[in-house]
Student: 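Input: one structure, supplied below.
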Protein chains: 2
Amino acid sequence: MEQKQKSELTKQLILDESFKLFYQNGFKTTSVDKIMKATNLTKGAFYHHYKSKKDLGLEIISSTLQKRVYDGMITPLYQDGNVLDILESTFSGRLKSFSLFAKKHGCPMNNFINEIADEEEAYQIALKRIIEEWKAALVHLLERGKKENTINKSYSSNAIATYLISSFEGVRGIRKLYNDDQILDEYINGLSLYIDQLKA
Amino acid sequence: MEQKQKSELTKQLILDESFKLFYQNGFKTTSVDKIMKATNLTKGAFYHHYKSKKDLGLEIISSTLQKRVYDGMITPLYQDGNVLDILESTFSGRLKSFSLFAKKHGCPMNNFINEIADEEEAYQIALKRIIEEWKAALVHLLERGKKENTINKSYSSNAIATYLISSFEGVRGIRKLYNDDQILDEYINGLSLYIDQLKA
DNA sequence: TATAAAAAATACTAGACGGTATGTTTTTAA
DNA sequence: TTAAAAACATACCGTCTAGTATTTTTTATA
């Protein structure tokens, strides 16, 4: 079993280093050479574990990116408590928790979406899966709010979920243009106003 | 004057063709060779008119992109009429007017922002200028609404403007993941709900 | 029509790119 | 202990990249 363990470790190293580089410099302009330089391994190792750069990209999406969104934006939605509070704390709390690096480089998933989703259907499908699960979690939470009479029943949960996700991903891109957090503060302000108006 | 005219024409041709290619395939992966192949001119012509690819990128932002946002999203905000109606018609109207191509490839400005705004300060500044002017136009409209008592005076115009822009740019990215307009319909639904709640 | 300047064409670098072919070393199983 | 297989290393290929140097063509002006 020792061999399989080492193999897994190497794959994880490639995954970790490539994610960092994709996040910093984009997917297309990060070469396999650069990735393997960061791992201190060689190209031979890369092509032993992945059949292509595209193959690696798909695994980054379905493992690293998926996990990030789950941990940061989906799992928190399933906690107990007031629906409006959960919405507010999940969205604005996550924004406030970002490092300078994360603010500068935006949302890694959104970066992938904007860079390659319109070029390869395989990427599109893998990324869509994450968004759909995020949306489903939001809809589930909003439906609970309607049952508990904290969310206005006349509003479409799908519409609210889509609007929330869109604005969140949007501002993570726009923040790249600035060197301070004013735009994030304004966003949180606008978000808070929006959530407040979802009340029953 | 004929020489200057021809020169201007060539520059415009390079601008037009490169914009199309940047829009379709991204800035980084569109080479000068590809651009000049599309113009049926040679690389010599390119480097006669532009000192670098970066130089062209900056001109694309400050001319082509700027004009697009002005025509589509800023100028309409200065028309007469009910502020809420103008907001709704400008945002949802623009979304509905997009071609299949524009839906597939998202917002060219947002693509630039996500691809290169975190890598070169010169790009960042040029792109920020557009967003700031868009925001200023929205704030101006919202302030008018407050004066006319159609917009709730207790809401921050800056926050609303930021939230509107964020959600719009966000959904234009997310739409890339889908092959139909359902996500846009949901967005428009969510937007309409949001605008409705800005009332005084 | 001669001349100078602008516009564009041609030919070329040096390095980076994804991917492959073929080694060598390490681990596993008999 | 040995042979096969897995894990990597090394060297390389053809293609593409931004940019440069040089030459030819076109245009404006005197």
Side-chain angles (χ1 to χ4, degrees), chain A residues 1-61 112 115-116 119-123 126, chain B residues 1-61 112 115-116 119-123 126:
Chain A
M1 280 295 141
E2 207 172 298
Q3 190 169 184
K4 272 199 177 174
Q5 273 178 358
K6 203 188 173 196
S7 176
E8 236 4 88
L9 227 64
T10 298
K11 282 195 77 174
Q12 193 58 51
L13 180 64
I14 294 174
L15 237 37
D16 289 344
E17 295 300 327
S18 66
F19 172 76
K20 274 190 229 164
L21 290 168
F22 291 156
Y23 193 7
Q24 265 196 82
N25 310 316
F27 178 72
K28 290 176 189 167
T29 49
T30 298
S31 66
V32 176
D33 282 330
K34 283 177 193 161
I35 294 169
M36 297 318 286
K37 200 162 191 175
T39 64
N40 283 322
L41 293 169
T42 59
K43 211 175 235 183
F46 179 86
Y47 282 97
H48 176 72
H49 291 286
Y50 297 96
K51 74 170 204 278
S52 65
K53 189 189 167 188
K54 178 179 165 183
D55 194 36
L56 169 67
L58 289 173
E59 191 157 328
I60 283 283
I61 294 172
F112 266 80
E115 189 181 353
I116 57 173
E119 300 198 352
E120 280 272 4
E121 204 189 356
Y123 295 131
Chain B
M1 281 294 141
E2 207 170 300
Q3 193 169 182
K4 272 199 176 173
Q5 274 178 356
K6 204 190 171 194
S7 176
E8 236 4 86
L9 227 63
T10 298
K11 283 195 77 173
Q12 193 57 49
L13 179 65
I14 295 174
L15 239 37
D16 289 344
E17 295 300 327
S18 66
F19 172 77
K20 274 190 229 164
L21 290 168
F22 292 155
Y23 193 8
Q24 264 195 85
N25 310 315
F27 178 72
K28 290 175 189 167
T29 49
T30 298
S31 65
V32 176
D33 281 331
K34 282 178 195 161
I35 293 169
M36 296 319 285
K37 199 161 192 176
T39 64
N40 284 323
L41 293 169
T42 59
K43 209 174 237 185
F46 179 87
Y47 282 97
H48 175 74
H49 291 285
Y50 296 96
K51 75 170 202 281
S52 65
K53 189 188 167 188
K54 178 179 166 184
D55 192 36
L56 170 66
L58 289 172
E59 190 156 330
I60 282 283
I61 294 172
F112 266 80
E115 190 182 352
I116 57 173
E119 302 198 351
E120 280 273 5
E121 204 189 357
Y123 295 132

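Below, chain A is the first sequence line, B the second, and so on; all start at residue 1.
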Student: Measure from NZ on A/Lys51 to C1' on C/dG18 and round the result to the nearest Å.
Tutor: 14 Å

Student: Rounded to whole angstroms, how far apart are OH on A/Tyr47 and P on C/dG19?
Tutor: 4 Å

Student: Suppose we screen for salt bridge (charged side-chain N to carboxylate O under 4.0 Å, His left out). Which residues come up paired with A/Lys28, at least two apart in sequence or across chains?
Tutor: A/Glu119

Student: Please report, rounded to the nearest Å, how far the P atom of C/dA6 is from the NZ atom of B/Lys11.
Tutor: 14 Å

Student: Quick one: list whatever passes side chain to side chain donor-acceptor pair (under 3.5 Å) with B/Lys54, sequence neighbours left out.
Tutor: B/Glu120

Student: Please list, chain by chain and in numerical order, all residues satisfying side-chain contact (heavy atoms from CB on, under 4.5 Å) with A/Thr30, sequence neighbours excluded.
Tutor: A/Leu21, A/Phe22, A/Asn25, A/Ile35

Student: Whole-Å distance between C/dC17 C1' and A/Lys54 NZ?
Tutor: 18 Å

Student: Grab the N/O contacts between the protein and nucleotides 4-7 of chain D below 3.5 Å, and write none if there aren't any.
Tutor:
{"from": "D/dA6", "atom 1": "O4'", "to": "A/Gln3", "atom 2": "OE1", "distance (Å)": "3.4"}
{"from": "D/dA6", "atom 1": "O3'", "to": "A/Gln3", "atom 2": "OE1", "distance (Å)": "3.0"}
{"from": "D/dA7", "atom 1": "OP1", "to": "A/Ser7", "atom 2": "OG", "distance (Å)": "3.2"}
{"from": "D/dA7", "atom 1": "OP2", "to": "A/His48", "atom 2": "NE2", "distance (Å)": "2.7"}

Student: For B/Glu59, enumerate each residue passing the side chain to side chain donor-acceptor pair (under 3.5 Å) test, keeping only those at least two apart in sequence or located in another chain.
Tutor: none

Student: Between A/Phe27 and A/Tyr123, what is the ring plane arrangement, given parallel below 30°, perpendicular above 60°, and tilted in between?
Tutor: perpendicular

Student: How many Å lie between CG on A/Leu9 and P on C/dT27, as a whole number?
Tutor: 13 Å

Student: Could you check whether any side-chain N or O of B/Lys37 sits under 3.5 Å from a backbone N or O of B/Val32, counting only pairs where one atom can act as donor and the other as acceptor?
Tutor: no

Student: Find every protein N or O atom lying less than 3.5 Å from an N or O atom of nucleotides 10-17 of chain D, and list the pairs.
Tutor:
{"from": "D/dT17", "atom 1": "OP1", "to": "B/Lys34", "atom 2": "NZ", "distance (Å)": "3.4"}
{"from": "D/dT17", "atom 1": "OP2", "to": "B/Ser31", "atom 2": "OG", "distance (Å)": "3.2"}

Student: Please state how far atom CG in B/Leu56 lies from atom P in D/dA18, giving the value in whole angstrom units.
Tutor: 11 Å

Student: CE of B/Met36 versus P of D/dG19: gap in Å, rounded?
Tutor: 14 Å

Student: For B/Phe19, enumerate each residue passing the ring pair (Phe, Tyr, Trp, His ring centres under 6.0 Å) test, keeping only those at least two apart in sequence or located in another chain.
Tutor: B/Tyr23

Student: For B/Phe46 and D/dT20, what is the distance between atoms CZ and P respectively, to the nearest whole Å?
Tutor: 11 Å

Student: Just jot down the side chain to side chain donor-acceptor pair (under 3.5 Å) partners of A/Asp33, sequence neighbours excluded, or say none.
Tutor: A/Lys43

Student: Which side-chain N or O atoms in residues 7-15 of chain A pair as donor and acceptor under 3.5 Å with protein atoms at least two apart or in another chain?
Tutor:
{"from": "A/Thr10", "atom 1": "OG1", "to": "A/Lys6", "atom 2": "O", "distance (Å)": "3.1"}
{"from": "A/Gln12", "atom 1": "NE2", "to": "A/Asp16", "atom 2": "OD1", "distance (Å)": "3.1"}

